[in-house]
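These numbers come from a predicted model, not from an experiment. The figures here come from the full heavy-atom set of this structure, side chains too, leaving out hydrogens, waters and symmetry mates. Counting starts at 1 for both ligands and their atoms, following the listed order.
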Amino acid sequence: MSIALIVLAAGQGSRMNSDIPKVLHRLGGAPLVHHALQAGLALEPSACVVVTGHGGAAVARAVTGFLPEAAIAEQTEQLGTAHAVLTAAPRLEGFSGDAIVLYADTPFIRPETLRAMADARTRHDIVVLGFEAADPGLYGRLVMADDMLERIVEARDATDEELAIRLCNSGVVCADAAVLMRLAAAVGNANAKGEYYLTDIVAIARAEGLSAGVVRCNEAETLGINTRAELAAAEATFQARARAEALDGGATLIAPETIFFALDTWIGRDAVIGPNVVFGPGVTIETGAEVRAFCHLEGCHISRGAIIGPFARLRPGAEIAEHARVGNFVEIKNAVLDEGAKINHLSYIGDAHVGEGANIGAGTITCNYDGVSKHRTEIGANAFVGSNTMLVAPVRLGADAMTGSGSVVTADVPDGALAIARARQVTKPGLALRLLERLRAARGRSAG
Ligand code: UD1
Ligand code: MG
(Lines give C-alpha, C1' and ligand atoms only; values in the text may rest on other atoms or scores of the structure.)
(Ligands and ions follow the chains in the order given, each with its own letter.)
Protein backbone atom coordinates (compact mmCIF):
# COMPACT_ATOMS: atom_id res chain seq x y z
CA MET A 1 0.00 0.00 0.00
CA SER A 2 1.42 3.42 -0.98
CA ILE A 3 1.43 6.04 1.72
CA ALA A 4 1.35 9.83 1.50
CA LEU A 5 2.24 12.10 4.40
CA ILE A 6 0.32 15.31 4.91
CA VAL A 7 2.11 17.43 7.49
CA LEU A 8 0.23 20.44 8.84
CA ALA A 9 2.59 23.33 9.54
CA ALA A 10 0.61 26.48 8.82
CA GLY A 11 -0.20 27.60 12.35
CA GLN A 12 1.34 30.72 13.81
CA GLY A 13 2.20 29.43 17.25
CA SER A 14 1.48 32.79 18.84
CA ARG A 15 2.10 31.40 22.32
CA MET A 16 5.79 30.93 21.50
CA ASN A 17 6.07 34.74 21.61
CA SER A 18 8.53 34.65 18.72
CA ASP A 19 9.23 36.04 15.26
CA ILE A 20 10.27 32.55 14.18
CA PRO A 21 7.51 30.27 12.85
CA LYS A 22 6.74 27.71 15.55
CA VAL A 23 7.73 24.66 13.53
CA LEU A 24 11.23 26.10 12.95
CA HIS A 25 12.04 26.24 16.65
CA ARG A 26 14.70 23.66 17.33
CA LEU A 27 14.54 20.44 19.25
CA GLY A 28 17.64 18.28 19.30
CA GLY A 29 19.29 20.84 17.03
CA ALA A 30 16.68 20.33 14.28
CA PRO A 31 13.52 22.30 13.44
CA LEU A 32 10.38 20.74 14.92
CA VAL A 33 9.06 19.98 11.44
CA HIS A 34 12.04 17.67 10.79
CA HIS A 35 11.00 15.48 13.72
CA ALA A 36 7.51 14.97 12.34
CA LEU A 37 8.92 14.27 8.87
CA GLN A 38 11.47 11.81 10.24
CA ALA A 39 8.78 9.84 12.07
CA GLY A 40 6.66 9.78 8.90
CA LEU A 41 9.60 8.69 6.72
CA ALA A 42 9.71 5.40 8.62
CA LEU A 43 6.59 4.46 6.63
CA GLU A 44 8.56 4.92 3.39
CA PRO A 45 5.92 7.25 1.95
CA SER A 46 5.77 7.69 -1.79
CA ALA A 47 4.53 11.28 -1.43
CA CYS A 48 4.85 13.98 1.19
CA VAL A 49 3.04 17.32 1.31
CA VAL A 50 3.74 19.95 3.93
CA VAL A 51 1.04 22.58 4.41
CA THR A 52 2.66 25.93 5.19
CA GLY A 53 1.19 29.28 6.16
CA HIS A 54 2.85 31.54 8.74
CA GLY A 55 6.50 32.00 7.76
CA GLY A 56 5.77 29.86 4.71
CA ALA A 57 8.93 30.57 2.71
CA ALA A 58 11.25 29.81 5.63
CA VAL A 59 9.30 26.68 6.56
CA ALA A 60 9.39 25.51 2.93
CA ARG A 61 13.19 25.94 2.87
CA ALA A 62 13.58 23.94 6.06
CA VAL A 63 11.35 21.20 4.68
CA THR A 64 13.03 20.84 1.30
CA GLY A 65 16.47 21.05 2.95
CA PHE A 66 15.55 17.90 4.86
CA LEU A 67 13.46 16.17 2.21
CA PRO A 68 13.99 17.63 -1.28
CA GLU A 69 11.15 15.60 -2.80
CA ALA A 70 8.56 17.03 -0.37
CA ALA A 71 5.84 19.15 -1.95
CA ILE A 72 4.73 22.38 -0.34
CA ALA A 73 1.10 23.49 -0.27
CA GLU A 74 0.53 27.02 0.89
CA GLN A 75 -2.52 27.68 3.03
CA THR A 76 -2.87 31.45 2.86
CA GLU A 77 -5.62 31.62 5.47
CA GLN A 78 -5.75 29.22 8.40
CA LEU A 79 -9.39 28.19 8.26
CA GLY A 80 -9.00 24.95 10.20
CA THR A 81 -7.44 21.52 10.01
CA ALA A 82 -9.90 20.18 7.40
CA HIS A 83 -9.17 23.19 5.21
CA ALA A 84 -5.44 22.61 5.69
CA VAL A 85 -5.76 18.98 4.54
CA LEU A 86 -7.78 20.06 1.49
CA THR A 87 -5.04 22.54 0.62
CA ALA A 88 -2.72 19.54 0.14
CA ALA A 89 -5.06 17.85 -2.37
CA PRO A 90 -3.66 19.39 -5.59
CA ARG A 91 -0.18 18.14 -4.61
CA LEU A 92 -1.50 14.58 -4.33
CA GLU A 93 -3.06 14.43 -7.77
CA GLY A 94 -2.28 11.08 -9.31
CA PHE A 95 -1.50 9.53 -5.94
CA SER A 96 -3.55 6.56 -4.87
CA GLY A 97 -3.19 4.96 -1.49
CA ASP A 98 -3.45 5.98 2.14
CA ALA A 99 -2.74 9.42 3.54
CA ILE A 100 -1.54 10.04 7.08
CA VAL A 101 -2.05 13.48 8.57
CA LEU A 102 0.65 14.62 11.01
CA TYR A 103 1.17 17.90 12.87
CA ALA A 104 4.56 19.56 12.44
CA ASP A 105 4.51 20.74 16.06
CA THR A 106 4.14 17.22 17.46
CA PRO A 107 7.64 15.73 17.44
CA PHE A 108 7.46 12.51 19.45
CA ILE A 109 5.14 10.21 17.49
CA ARG A 110 7.01 6.92 17.15
CA PRO A 111 7.35 5.19 13.79
CA GLU A 112 5.91 2.01 15.39
CA THR A 113 2.75 3.92 16.23
CA LEU A 114 2.37 5.15 12.66
CA ARG A 115 2.91 1.61 11.40
CA ALA A 116 0.18 0.36 13.76
CA MET A 117 -2.15 2.97 12.25
CA ALA A 118 -1.34 1.96 8.69
CA ASP A 119 -1.95 -1.70 9.68
CA ALA A 120 -5.28 -0.83 11.32
CA ARG A 121 -6.53 0.42 7.96
CA THR A 122 -7.22 -3.20 7.03
CA ARG A 123 -9.98 -3.08 9.69
CA HIS A 124 -11.25 0.50 9.36
CA ASP A 125 -11.80 3.13 6.69
CA ILE A 126 -10.60 5.83 9.04
CA VAL A 127 -8.00 5.31 11.76
CA VAL A 128 -7.49 7.98 14.41
CA LEU A 129 -4.61 8.05 16.88
CA GLY A 130 -6.00 8.48 20.41
CA PHE A 131 -4.56 8.63 23.91
CA GLU A 132 -5.80 8.69 27.50
CA ALA A 133 -5.09 12.21 28.69
CA ALA A 134 -4.14 12.87 32.30
CA ASP A 135 -5.78 16.27 31.86
CA PRO A 136 -7.99 16.26 28.72
CA GLY A 137 -8.33 20.06 28.73
CA LEU A 138 -8.94 21.38 25.21
CA TYR A 139 -8.25 18.16 23.34
CA GLY A 140 -10.93 16.78 21.06
CA ARG A 141 -12.79 13.87 22.71
CA LEU A 142 -13.17 10.49 21.00
CA VAL A 143 -16.76 9.29 21.34
CA MET A 144 -16.70 5.49 21.11
CA ALA A 145 -19.41 2.86 20.76
CA ASP A 146 -17.78 -0.47 21.60
CA ASP A 147 -14.67 -0.62 19.42
CA MET A 148 -15.98 1.83 16.85
CA LEU A 149 -15.25 5.53 16.81
CA GLU A 150 -18.59 7.36 16.43
CA ARG A 151 -17.38 10.94 16.20
CA ILE A 152 -14.87 13.42 17.58
CA VAL A 153 -16.13 16.41 19.49
CA GLU A 154 -13.95 19.45 20.10
CA ALA A 155 -13.81 20.51 23.77
CA ARG A 156 -15.33 23.92 23.01
CA ASP A 157 -18.36 22.24 21.43
CA ALA A 158 -18.70 19.38 23.92
CA THR A 159 -21.43 18.65 26.47
CA ASP A 160 -20.43 18.03 30.11
CA GLU A 161 -20.87 14.34 29.52
CA GLU A 162 -18.54 14.41 26.52
CA LEU A 163 -16.01 16.50 28.42
CA ALA A 164 -15.81 13.68 30.96
CA ILE A 165 -14.31 11.39 28.26
CA ARG A 166 -10.56 10.98 28.76
CA LEU A 167 -9.81 9.31 25.44
CA CYS A 168 -8.54 12.20 23.32
CA ASN A 169 -7.67 12.97 19.72
CA SER A 170 -3.96 13.33 18.90
CA GLY A 171 -4.82 14.80 15.49
CA VAL A 172 -3.06 12.00 13.57
CA VAL A 173 -5.47 10.40 11.09
CA CYS A 174 -5.07 7.76 8.41
CA ALA A 175 -7.49 7.09 5.57
CA ASP A 176 -7.52 6.45 1.85
CA ALA A 177 -6.32 9.75 0.36
CA ALA A 178 -9.28 10.18 -1.99
CA VAL A 179 -11.77 9.34 0.79
CA LEU A 180 -10.00 11.73 3.16
CA MET A 181 -10.21 14.59 0.66
CA ARG A 182 -13.83 13.89 -0.16
CA LEU A 183 -14.78 13.86 3.54
CA ALA A 184 -12.68 16.95 4.33
CA ALA A 185 -14.49 18.80 1.55
CA ALA A 186 -17.83 17.90 3.14
CA VAL A 187 -16.94 19.49 6.49
CA GLY A 188 -18.69 22.73 7.47
CA ASN A 189 -17.64 25.41 9.94
CA ALA A 190 -20.72 25.81 12.13
CA ASN A 191 -18.90 25.40 15.44
CA ALA A 192 -17.51 27.38 18.39
CA LYS A 193 -14.37 28.49 16.48
CA GLY A 194 -16.00 28.90 13.06
CA GLU A 195 -13.27 26.61 11.66
CA TYR A 196 -13.33 23.65 9.30
CA TYR A 197 -12.51 20.84 11.73
CA LEU A 198 -10.83 17.76 10.32
CA THR A 199 -12.28 15.91 13.29
CA ASP A 200 -15.76 16.21 11.73
CA ILE A 201 -14.83 13.71 9.00
CA VAL A 202 -15.46 10.87 11.44
CA ALA A 203 -19.18 11.60 11.94
CA ILE A 204 -19.62 12.21 8.20
CA ALA A 205 -17.92 8.92 7.37
CA ARG A 206 -20.00 6.99 9.90
CA ALA A 207 -23.21 8.48 8.49
CA GLU A 208 -22.13 7.12 5.08
CA GLY A 209 -21.68 3.67 6.59
CA LEU A 210 -17.86 3.77 6.66
CA SER A 211 -16.05 2.45 9.72
CA ALA A 212 -13.71 4.34 12.02
CA GLY A 213 -11.36 2.98 14.68
CA VAL A 214 -8.78 4.16 17.15
CA VAL A 215 -5.14 3.18 17.65
CA ARG A 216 -3.96 4.19 21.10
CA CYS A 217 -0.60 5.56 22.09
CA ASN A 218 1.05 6.95 25.17
CA GLU A 219 0.23 10.59 25.92
CA ALA A 220 3.94 11.47 25.82
CA GLU A 221 4.00 10.65 22.10
CA THR A 222 1.33 13.16 21.21
CA LEU A 223 2.87 16.03 23.13
CA GLY A 224 2.51 19.21 21.05
CA ILE A 225 4.73 22.25 21.46
CA ASN A 226 2.88 25.51 22.07
CA THR A 227 5.09 27.49 24.45
CA ARG A 228 8.77 28.03 25.21
CA ALA A 229 8.31 26.10 28.44
CA GLU A 230 6.88 23.14 26.51
CA LEU A 231 9.78 23.35 24.06
CA ALA A 232 12.28 23.25 26.92
CA ALA A 233 10.48 20.30 28.51
CA ALA A 234 10.40 18.58 25.12
CA GLU A 235 14.17 19.07 24.78
CA ALA A 236 14.66 17.18 28.05
CA THR A 237 12.39 14.40 26.77
CA PHE A 238 14.22 14.29 23.46
CA GLN A 239 17.62 14.07 25.16
CA ALA A 240 16.47 11.32 27.50
CA ARG A 241 15.25 9.31 24.52
CA ALA A 242 18.40 9.95 22.48
CA ARG A 243 20.66 8.87 25.36
CA ALA A 244 18.68 5.67 25.84
CA GLU A 245 18.85 4.94 22.11
CA ALA A 246 22.63 5.54 21.99
CA LEU A 247 23.13 3.16 24.92
CA ASP A 248 20.86 0.56 23.30
CA GLY A 249 22.90 0.94 20.12
CA GLY A 250 26.03 -0.14 21.98
CA ALA A 251 27.76 3.18 22.68
CA THR A 252 29.46 3.81 26.01
CA LEU A 253 28.24 7.09 27.52
CA ILE A 254 30.28 7.79 30.62
CA ALA A 255 27.82 10.35 32.04
CA PRO A 256 24.74 10.12 29.79
CA GLU A 257 22.85 12.95 31.49
CA THR A 258 25.60 15.42 30.49
CA ILE A 259 25.72 14.46 26.80
CA PHE A 260 23.50 16.34 24.33
CA PHE A 261 22.38 14.81 21.05
CA ALA A 262 20.90 16.11 17.81
CA LEU A 263 18.09 14.46 15.88
CA ASP A 264 20.52 12.89 13.40
CA THR A 265 23.46 12.00 15.66
CA TRP A 266 24.75 8.56 14.74
CA ILE A 267 27.09 6.66 17.05
CA GLY A 268 28.52 3.23 16.28
CA ARG A 269 28.92 0.31 18.67
CA ASP A 270 31.68 0.52 21.22
CA ALA A 271 32.28 4.21 20.61
CA VAL A 272 33.09 5.91 23.91
CA ILE A 273 31.67 9.35 24.65
CA GLY A 274 33.02 11.19 27.68
CA PRO A 275 31.11 13.61 29.91
CA ASN A 276 29.80 16.97 28.70
CA VAL A 277 29.96 16.35 24.99
CA VAL A 278 27.55 18.34 22.77
CA PHE A 279 26.50 17.02 19.36
CA GLY A 280 25.17 19.57 16.89
CA PRO A 281 23.49 18.42 13.68
CA GLY A 282 25.17 16.05 11.27
CA VAL A 283 27.61 14.03 13.38
CA THR A 284 28.51 10.42 12.70
CA ILE A 285 30.91 8.51 14.91
CA GLU A 286 32.11 5.11 13.86
CA THR A 287 32.59 2.00 15.89
CA GLY A 288 35.30 2.24 18.49
CA ALA A 289 36.08 5.95 18.12
CA GLU A 290 36.50 7.93 21.32
CA VAL A 291 35.27 11.44 22.08
CA ARG A 292 36.67 12.65 25.37
CA ALA A 293 35.09 15.14 27.78
CA PHE A 294 33.90 18.64 26.81
CA CYS A 295 33.94 18.37 23.02
CA HIS A 296 31.56 20.29 20.75
CA LEU A 297 30.93 18.55 17.42
CA GLU A 298 28.77 19.39 14.41
CA GLY A 299 28.66 18.34 10.79
CA CYS A 300 31.60 15.96 11.14
CA HIS A 301 32.53 12.34 10.70
CA ILE A 302 34.88 10.48 13.02
CA SER A 303 36.28 7.14 11.89
CA ARG A 304 37.22 4.03 13.78
CA GLY A 305 39.98 4.31 16.30
CA ALA A 306 40.18 8.12 16.17
CA ILE A 307 40.45 9.95 19.49
CA ILE A 308 38.98 13.43 19.84
CA GLY A 309 39.44 15.80 22.77
CA PRO A 310 39.16 16.52 25.57
CA PHE A 311 38.06 20.09 24.77
CA ALA A 312 38.04 19.85 20.97
CA ARG A 313 35.70 21.63 18.57
CA LEU A 314 34.86 20.01 15.25
CA ARG A 315 32.85 22.15 12.87
CA PRO A 316 31.04 21.31 9.64
CA GLY A 317 33.17 19.50 7.11
CA ALA A 318 35.61 18.01 9.62
CA GLU A 319 36.38 14.53 8.33
CA ILE A 320 38.60 12.53 10.66
CA ALA A 321 40.09 9.30 9.31
CA GLU A 322 40.97 6.19 11.24
CA HIS A 323 43.33 6.51 14.17
CA ALA A 324 43.73 10.25 13.71
CA ARG A 325 44.10 12.25 16.89
CA VAL A 326 42.62 15.68 17.71
CA GLY A 327 43.58 16.95 21.14
CA ASN A 328 42.68 19.75 23.51
CA PHE A 329 41.77 23.24 22.34
CA VAL A 330 41.89 22.30 18.69
CA GLU A 331 39.29 23.64 16.24
CA ILE A 332 38.80 21.96 12.89
CA LYS A 333 36.53 23.25 10.12
CA ASN A 334 36.03 21.96 6.58
CA ALA A 335 39.18 19.89 6.76
CA VAL A 336 40.10 16.30 6.10
CA LEU A 337 42.57 14.52 8.39
CA ASP A 338 43.94 11.38 6.79
CA GLU A 339 44.72 8.23 8.68
CA GLY A 340 46.90 8.66 11.73
CA ALA A 341 47.29 12.44 11.42
CA LYS A 342 47.85 14.16 14.78
CA ILE A 343 46.82 17.63 15.91
CA ASN A 344 47.21 17.39 19.63
CA HIS A 345 47.15 20.89 21.04
CA LEU A 346 45.91 24.46 20.58
CA SER A 347 45.43 24.69 16.82
CA TYR A 348 43.02 25.98 14.19
CA ILE A 349 42.85 23.93 11.00
CA GLY A 350 40.30 25.23 8.47
CA ASP A 351 39.79 24.60 4.73
CA ALA A 352 42.63 22.13 4.75
CA HIS A 353 43.78 18.65 3.97
CA VAL A 354 46.19 16.98 6.38
CA GLY A 355 47.94 13.96 4.90
CA GLU A 356 48.39 10.55 6.43
CA GLY A 357 50.59 10.49 9.52
CA ALA A 358 51.28 14.25 9.47
CA ASN A 359 52.04 15.81 12.85
CA ILE A 360 50.80 19.32 13.51
CA GLY A 361 52.61 21.07 16.35
CA ALA A 362 50.94 23.04 19.13
CA GLY A 363 49.70 26.47 18.18
CA THR A 364 49.56 25.86 14.43
CA ILE A 365 47.06 28.02 12.57
CA THR A 366 45.85 27.84 9.00
CA CYS A 367 45.36 31.52 8.10
CA ASN A 368 42.54 30.64 5.72
CA TYR A 369 40.69 33.94 5.45
CA ASP A 370 42.00 37.16 3.91
CA GLY A 371 38.96 39.20 4.88
CA VAL A 372 37.19 38.44 1.61
CA SER A 373 37.77 34.84 0.56
CA LYS A 374 38.68 31.51 2.11
CA HIS A 375 41.80 29.70 0.88
CA ARG A 376 43.05 26.15 1.20
CA THR A 377 46.03 24.65 2.95
CA GLU A 378 47.46 21.31 1.82
CA ILE A 379 49.71 19.40 4.18
CA GLY A 380 51.41 16.32 2.74
CA ALA A 381 51.67 12.86 4.24
CA ASN A 382 54.06 12.58 7.17
CA ALA A 383 54.79 16.31 7.16
CA PHE A 384 55.97 17.73 10.47
CA VAL A 385 54.66 21.21 11.24
CA GLY A 386 56.66 22.91 14.00
CA SER A 387 54.85 24.51 16.92
CA ASN A 388 53.36 27.94 16.36
CA THR A 389 53.49 27.77 12.57
CA MET A 390 51.18 30.15 10.69
CA LEU A 391 50.24 28.61 7.34
CA VAL A 392 49.12 31.54 5.21
CA ALA A 393 46.73 30.03 2.66
CA PRO A 394 46.68 29.27 -0.16
CA VAL A 395 49.76 27.24 0.64
CA ARG A 396 51.02 23.71 0.25
CA LEU A 397 53.45 21.70 2.36
CA GLY A 398 54.77 18.67 0.55
CA ALA A 399 55.01 15.12 1.84
CA ASP A 400 57.67 14.69 4.55
CA ALA A 401 58.18 18.48 4.64
CA MET A 402 58.93 20.29 7.90
CA THR A 403 58.47 23.82 9.19
CA GLY A 404 60.55 25.41 11.90
CA SER A 405 58.72 26.48 15.06
CA GLY A 406 57.31 29.97 14.87
CA SER A 407 57.39 30.08 11.08
CA VAL A 408 55.00 32.18 9.05
CA VAL A 409 54.77 30.13 5.89
CA THR A 410 53.61 32.09 2.85
CA ALA A 411 55.15 30.05 0.03
CA ASP A 412 54.78 26.39 -0.91
CA VAL A 413 57.27 23.96 0.64
CA PRO A 414 58.37 21.08 -1.63
CA ASP A 415 58.32 17.43 -0.57
CA GLY A 416 60.99 16.68 2.00
CA ALA A 417 62.06 20.35 2.42
CA LEU A 418 62.42 22.26 5.68
CA ALA A 419 61.03 25.80 5.71
CA ILE A 420 62.21 28.25 8.36
CA ALA A 421 60.38 31.53 8.09
CA ARG A 422 61.22 33.56 11.18
CA ALA A 423 63.83 36.08 12.32
CA ARG A 424 67.24 34.59 13.09
CA GLN A 425 68.08 34.58 16.80
CA VAL A 426 70.59 37.17 18.10
CA THR A 427 72.25 36.45 21.49
CA LYS A 428 74.06 39.23 23.46
CA PRO A 429 76.24 37.84 26.27
CA GLY A 430 75.61 39.51 29.69
CA LEU A 431 73.14 42.00 28.29
CA ALA A 432 70.23 40.77 30.46
CA LEU A 433 72.12 41.47 33.68
CA ARG A 434 73.32 44.90 32.52
CA LEU A 435 69.82 45.83 31.44
CA LEU A 436 68.33 44.88 34.83
CA GLU A 437 70.98 46.87 36.63
CA ARG A 438 70.18 49.93 34.55
CA LEU A 439 66.43 49.57 35.14
CA ARG A 440 66.89 49.24 38.92
CA ALA A 441 69.12 52.29 38.99
CA ALA A 442 66.56 54.31 37.08
CA ARG A 443 63.82 53.30 39.56
CA GLY A 444 66.08 54.22 42.53
CA ARG A 445 66.60 57.73 41.10
CA SER A 446 62.88 58.36 40.51
CA ALA A 447 61.97 57.07 44.07
CA GLY A 448 64.67 59.24 45.72
C1 UD1 B 1 -6.57 19.79 17.13
C2 UD1 B 1 -7.77 18.86 17.00
C3 UD1 B 1 -8.11 18.28 18.37
C4 UD1 B 1 -6.92 17.55 18.94
C5 UD1 B 1 -5.70 18.48 18.99
C6 UD1 B 1 -4.47 17.70 19.36
C7 UD1 B 1 -9.16 19.78 15.20
C8 UD1 B 1 -10.34 20.55 14.85
N9 UD1 B 1 -8.89 19.61 16.48
O10 UD1 B 1 -6.99 20.87 17.94
O11 UD1 B 1 -9.19 17.38 18.26
O12 UD1 B 1 -7.20 17.05 20.24
O13 UD1 B 1 -5.46 19.08 17.69
O14 UD1 B 1 -3.41 18.57 19.55
O15 UD1 B 1 -8.50 19.28 14.31
N16 UD1 B 1 -3.18 23.93 11.27
C17 UD1 B 1 -2.97 24.32 9.97
N18 UD1 B 1 -3.91 25.07 9.34
C19 UD1 B 1 -5.07 25.43 9.95
C20 UD1 B 1 -5.27 25.02 11.28
C21 UD1 B 1 -4.33 24.26 11.92
O22 UD1 B 1 -1.93 23.99 9.38
O23 UD1 B 1 -5.87 26.09 9.31
C24 UD1 B 1 -2.16 23.11 11.95
C25 UD1 B 1 -1.58 23.79 13.16
O26 UD1 B 1 -0.41 24.51 12.81
C27 UD1 B 1 -1.26 22.63 14.06
C28 UD1 B 1 -2.32 21.61 13.72
O29 UD1 B 1 -2.79 21.95 12.45
O30 UD1 B 1 0.02 22.05 13.79
C31 UD1 B 1 -3.46 21.56 14.72
O32 UD1 B 1 -4.07 22.81 14.79
P33 UD1 B 1 -4.46 23.48 16.16
O34 UD1 B 1 -5.05 24.80 15.90
O35 UD1 B 1 -3.36 23.36 17.13
O36 UD1 B 1 -5.65 22.48 16.62
P37 UD1 B 1 -6.15 22.24 18.09
O38 UD1 B 1 -7.14 23.29 18.43
O39 UD1 B 1 -5.01 22.02 18.99
MG1 MG C 1 -2.95 22.49 19.01
With salt bridge (Lys or Arg N to Asp or Glu O under 4.0 Å) as the rule and sequence neighbours excluded, what pairs involving residues 221-250 come up? Arg110-Glu221
Please, which pairs that meet ring-ring contact (aromatic ring centres under 6.0 Å, His included) have at least one residue in residues 329-354, sequence neighbours excluded? Phe311-Phe329
For Phe238 and His35, take the angle between the two ring planes, folded into 0 to 90°, and tell me which bin it lands in: parallel under 30, tilted 30 to 60, perpendicular over 60. perpendicular
If a pair satisfies ring-ring contact (aromatic ring centres under 6.0 Å, His included) and one of its residues is in residues 65-103, list it, with sequence neighbours excluded. His34-Phe66
The single option from Asn189, Asp157, Thr81 that satisfies side chain to side chain donor-acceptor pair (under 3.5 Å) with Tyr197 is Asp157
With a 4.5 Å heavy-atom cut-off, do Met181 and Val85 have their side chains touching? yes
Enumerate the protein residues lying less than 4.0 Å from ligand 1, judged by heavy-atom distances, in chain and residue-number order. Leu8, Ala9, Ala10, Gly11, Gln75, Gln78, Leu79, Gly80, Thr81, Ala84, Tyr103, Asp105, Tyr139, Gly140, Glu154, Asn169, Ser170, Lys193, Tyr197, Thr199
